[in-house]
Number of protein chains: 2
Amino acid sequence: MATIYDVAKRANVSAMTVSRVINNGSSIKESTRLRVEKAIKELDYIPNRSAQSLISKDTKLLSLLITDVANPFFTSIARGAEDKAHEKGYQLVFSNSDENIEKETSYIRSAVSRGIDGMLLTPSGDFSIQNINILTKYKIPFVLVDRSLKGIESDIVHGDNSDGTKKLMDHLFENGHRTIGFVTGPSSISNVRERGDAYKQFIKDNKLPFNEKWTFQTDLARMQTLSYINLLLEASKEDRPTAILCSNNFLAADLVNNMNKMGLHVPDDISVVCFDDPHAIQMPNSFFTVVNQPAYKFGYTGMEMLIDRIEGKSGKEHKEIVYDTELIIRQSTKKIN
Amino acid sequence: MATIYDVAKRANVSAMTVSRVINNGSSIKESTRLRVEKAIKELDYIPNRSAQSLISKDTKLLSLLITDVANPFFTSIARGAEDKAHEKGYQLVFSNSDENIEKETSYIRSAVSRGIDGMLLTPSGDFSIQNINILTKYKIPFVLVDRSLKGIESDIVHGDNSDGTKKLMDHLFENGHRTIGFVTGPSSISNVRERGDAYKQFIKDNKLPFNEKWTFQTDLARMQTLSYINLLLEASKEDRPTAILCSNNFLAADLVNNMNKMGLHVPDDISVVCFDDPHAIQMPNSFFTVVNQPAYKFGYTGMEMLIDRIEGKSGKEHKEIVYDTELIIRQSTKKIN
DNA sequence: CTGTTAGCGCTTTCAC
DNA sequence: GTGAAAGCGCTAACAG
């Protein structure tokens with residue numbers, strides 16, 4: 001592997017001159033520049049970033065820590081983040097925390113060790129604060145995506161969870177649904193909380209029947225929707241919900257898959273709605289009625305905020321960007337009388 | 001950010017001793033080890049990887065270069081690759097080449113510059129050989145995924161393209177289809193070629209009508225299926241294909257979306273099949289009849305091969321892993337008489 | 001416009 | 001068991 005000295009020798013200049021050529025540094029005589037560039041090409045010289053980073057203290061490496069790339073919502077975030085990072089000359093290390101706090105800790109520690117310039121992350125829950133503290137301690141800029149953290153001031157980009165929930169509930173209400181169940185994740189996650197609050201608020205505002213029984217909370221990584229379905233099956237048709245609101249796409253997919261297995265048909269027996277599309281590609285006959293969030297923009301804008309902060313282009317105060325959600329009515333909901 | 005010298009000073013030892021403690025190096029007196037560990041904890045010292053890499057020549061950083069994470073096929077590869085990398089203590093930089101050779105070159109150059117230990121990649125086409133040469137030149141191990149490269153010997157993991165195509169064609173044939181169109185990508189991509197060959201072979205073997213007109217080749221990044229659809233619309237119902245084989249999922253999604261816009265209904269007017277699921281989550285009412293490839297395993301096993309090679313656990317000869325495909329019959333195909 | 005010197009944070013080599 | 005010196009590949013700071 002050729003070093004800067006090899007190039008220097010070949011071009012009959014000092015290493016410093018080569019360095020200047022590489023970094024478009026101060027004025028260099030055209031003839032020497034050409035000689036150096038020729039030598040670079042001939043030796044196929046590629047600068048060693050580790051050596052550069054050792055001096056500059058930056059690595060042009062960013063970290064993207066999400067729950068699971070395989071979830072189309074996060075896939076889009078990842079794509080958006082990578083696009084912006086690439087645009088700005090950064091590269092992206094990605095990690096899947098799987099909603100697991102220990103995994104998150106270990107990823108953050110190795111990211112710090114690697115000297116990443118910043119991190120874009122979806123914290124797995126309020127416990128993540130201890131991990132965020134590592135970043136703060138090492139003065140590593142970070143931006144939160146999709147989930148906020150109680151008591152943590154930071155740049156953040158997320159969707160309008162309350163309004164999104166309301167849109168979903170409105171849609172169900174307009175279609176005649178009155179008893180509406182709720183399948184959700186752990187309340188240590190901010191958006192889960194916000195969606196839950198909006199759900200309860202809607203029920204109160206519209207004086208809908210409420211039974212705690214129809215609210216089901218499960219782990220987002222290991223979903224146990226089957227027990228909820230059993231509850232539905234045990235209840236009489238009059239008692240059980242005619243519609244279910246799921247607080248995320250994977251949950252909804254798991255629920256509906258299991259319902260089908262157990263002989264409950266969507267939307268004929270029960271309507272189902274959720275946040276975020278379970279499908280990356282928009283198909284004319286997609287199944288789920290959803291409130292969609294602009295996930296790509298979450299990643300793209302979040303990355304932009306992060307890089308701005310890294311490069312000192314953000315003010316002292318933290319920025320919060322909230323995106324509107326969009327209701328897309330499809331086949332998983334049905335009007336009832 | 002604390003350095004090894006800060007720790008050394010605090011523990012009253014030399015930097016060398018601290019280094020030995022960090023790396024579980026040779027014998028150290030228990031008491032000094034404890035003193036050093038205490039200092040490390042107190043200072044919250046995390047070793048600087050750039051400095052380590054400058055000496056050791058390895059980074060524990062791997063690169064994943066794929067076409068587009070947003071394509072569910074590649075999403076699964078990414079997830080599989082990250083899982084294995086994490087298992088083995090490596091981190092993953094990911095990049096989207098978008099089938100663009102220049103982007104690919106630039107990503108490979110920065111990966112090399114970064115000193116990655118190895119690369120798992122889906123080359124954008126046969127031109128990628130020039131990029132592969134960079135890796136070879138710098139002796140960076142790599143494993144090919146999904147696509148081979150003419151004349152390049154390397155570790156590789158991919159699906160059985162011929163057999164997959166045959167499964168799809170068999171299915172169409174059994175459902176009465178005789179005039180079968182083919183929508184595909186550039187022939188510089190190995191699997192596109194292999195699928196095309198298998199398609200032609202099937203037509204020949206079964207003495208099906210063949211008209212060059214119904215084979216349409218387009219760019220995989222900027223698909224132009226509309227012009228093909230116009231061709232279909234101009235033709236009489238007797239002449240045009242009753243089914244279309246798409247060589248990949250994005251192509252199929254784009255085609256069907258456009259067909260719907262133009263008033264051609266799938267499967268009522270025309271059946272459509274393709275390789276790879278356009279949806280990451282398996283839904284009971286998914287649309288496409290596909291031949292699915294175990295994409296997660298592509299990533300997981302590919303990464304395993306890569307790490308084995310990096311760590312010198314592979315033999316001299318290159319390994320090729322070919323996975324079987326699985327036909328999944330869904331709603332995009334229909335029996336005709 | 002170009003070169004010299006020193007040093008980033010760590011580990012290898014060789015002493016003791 | 002432990003340390004001192006040298007150097008990995010690069011660039012900041014200064015000199016010329």
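Chain letters run A, B, ... following the sequence lines, proteins first and then strands; every chain starts at 1. Keep in mind that this is a model prediction, so the values were computed, not measured.
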Next item on the list: Fit a plane to each ring of A:Phe298 and A:Tyr323, take the angle between them on a 0 to 90° scale, and name the class: parallel (under 30°), tilted (30 to 60°) or perpendicular (over 60°).
Entry: parallel

Item checked: First encountered from the 5' end of DNA chain D, between B:Asn12 and B:Lys57 -> B:Asn12

Next item on the list: Check whether any side-chain N or O of B:Thr32 sits under 4.0 Å from OP1 or OP2 of D:dT2, and answer yes or no.
Entry: yes

Notebook entry, point to check: Looking at the side chain of B:Asn48, which of C:dC10, D:dA13, D:dG3 is the nearest nucleotide?
Noted result: C:dC10

Note to self: Rounded to whole Å, please give me the gap between CG in B:Asp6 and C1' in C:dG9.
What the structure shows: 10 Å

Checklist line | Evaluation steps, salt bridge (charged side-chain N to carboxylate O under 4.0 Å, His left out), between B:Asp117 and B:Lys60 | finding: CA-CA 6 Å; B:Asp117 295 345; B:Lys60 291 277 175 192; 5.9 Å; no

Notebook entry, point to check: CZ of B:Arg33 versus P of D:dG1: gap in Å, rounded?
Noted result: 11 Å

Check: Rounded to the nearest Å, what distance is computed from the NZ atom of residue B:Lys9 to the P atom of nucleotide C:dG9?
Finding: 13 Å

Checklist line | A:Lys29 side-chain proximity, nearest of C:dT2, C:dT11, C:dG3 | finding: C:dT2

Item checked: Gap between atom CZ of A:Phe74 and atom OG of A:Ser97 - 0.5 Å precision -> 7.5 Å

Notebook entry, point to check: Between A:Thr3 and D:dG9, does any side-chain N or O lie under 4.0 Å from OP1 or OP2?
Noted result: no

Next item on the list: Let me know the distance between CG of A:Asn23 and P of D:dT11, rounded to the nearest Å.
Entry: 5 Å

Note to self: Can you tell me whether the side chain of B:Arg49 and the base of C:dG9 have a donor-acceptor pair closer than 3.5 Å?
What the structure shows: no

Notebook entry, point to check: Taking atom P of D:dG9 as reference, at what distance in whole Å does atom CD1 of A:Ile46 sit?
Noted result: 15 Å

Margin query: How many whole angstroms separate atom OH of B:Tyr5 from atom P of C:dT11?
Written below: 10 Å

Check: Phosphate oxygens OP1/OP2 of D:dG9: is one of them under 4.0 Å from a side-chain N or O of A:Gln52?
Finding: no

Item checked: D:dC10 OP1/OP2 closer than 4.0 Å to side-chain N/O of A:Ser19 -> no

Next item on the list: Check every atom of D:dC10, C:dT4, D:dG7 against the side chain of B:Ile55 and return the nucleotide holding the closest atom.
Entry: D:dG7

Next item on the list: Could you state the atom-to-atom distance from CE of A:Met16 to P of D:dA13 in whole Å?
Entry: 10 Å

Margin query: In whole Å, I'd like the distance from the CG atom of B:Leu54 to the C1' atom of C:dT12.
Written below: 13 Å

Notebook entry, point to check: Closer than 4.0 Å, any side-chain N/O of A:Ser53 to the OP1 or OP2 of D:dC10?
Noted result: no

Note to self: Once rounded to the nearest 0.5 Å, what's the spacing between atom NZ of B:Lys88 and atom CD1 of B:Ile307?
What the structure shows: 6.5 Å

Checklist line | Distance-minimising heavy-atom pair for B:Leu306 and B:Leu120 | finding: CD2-N, 3.9 Å

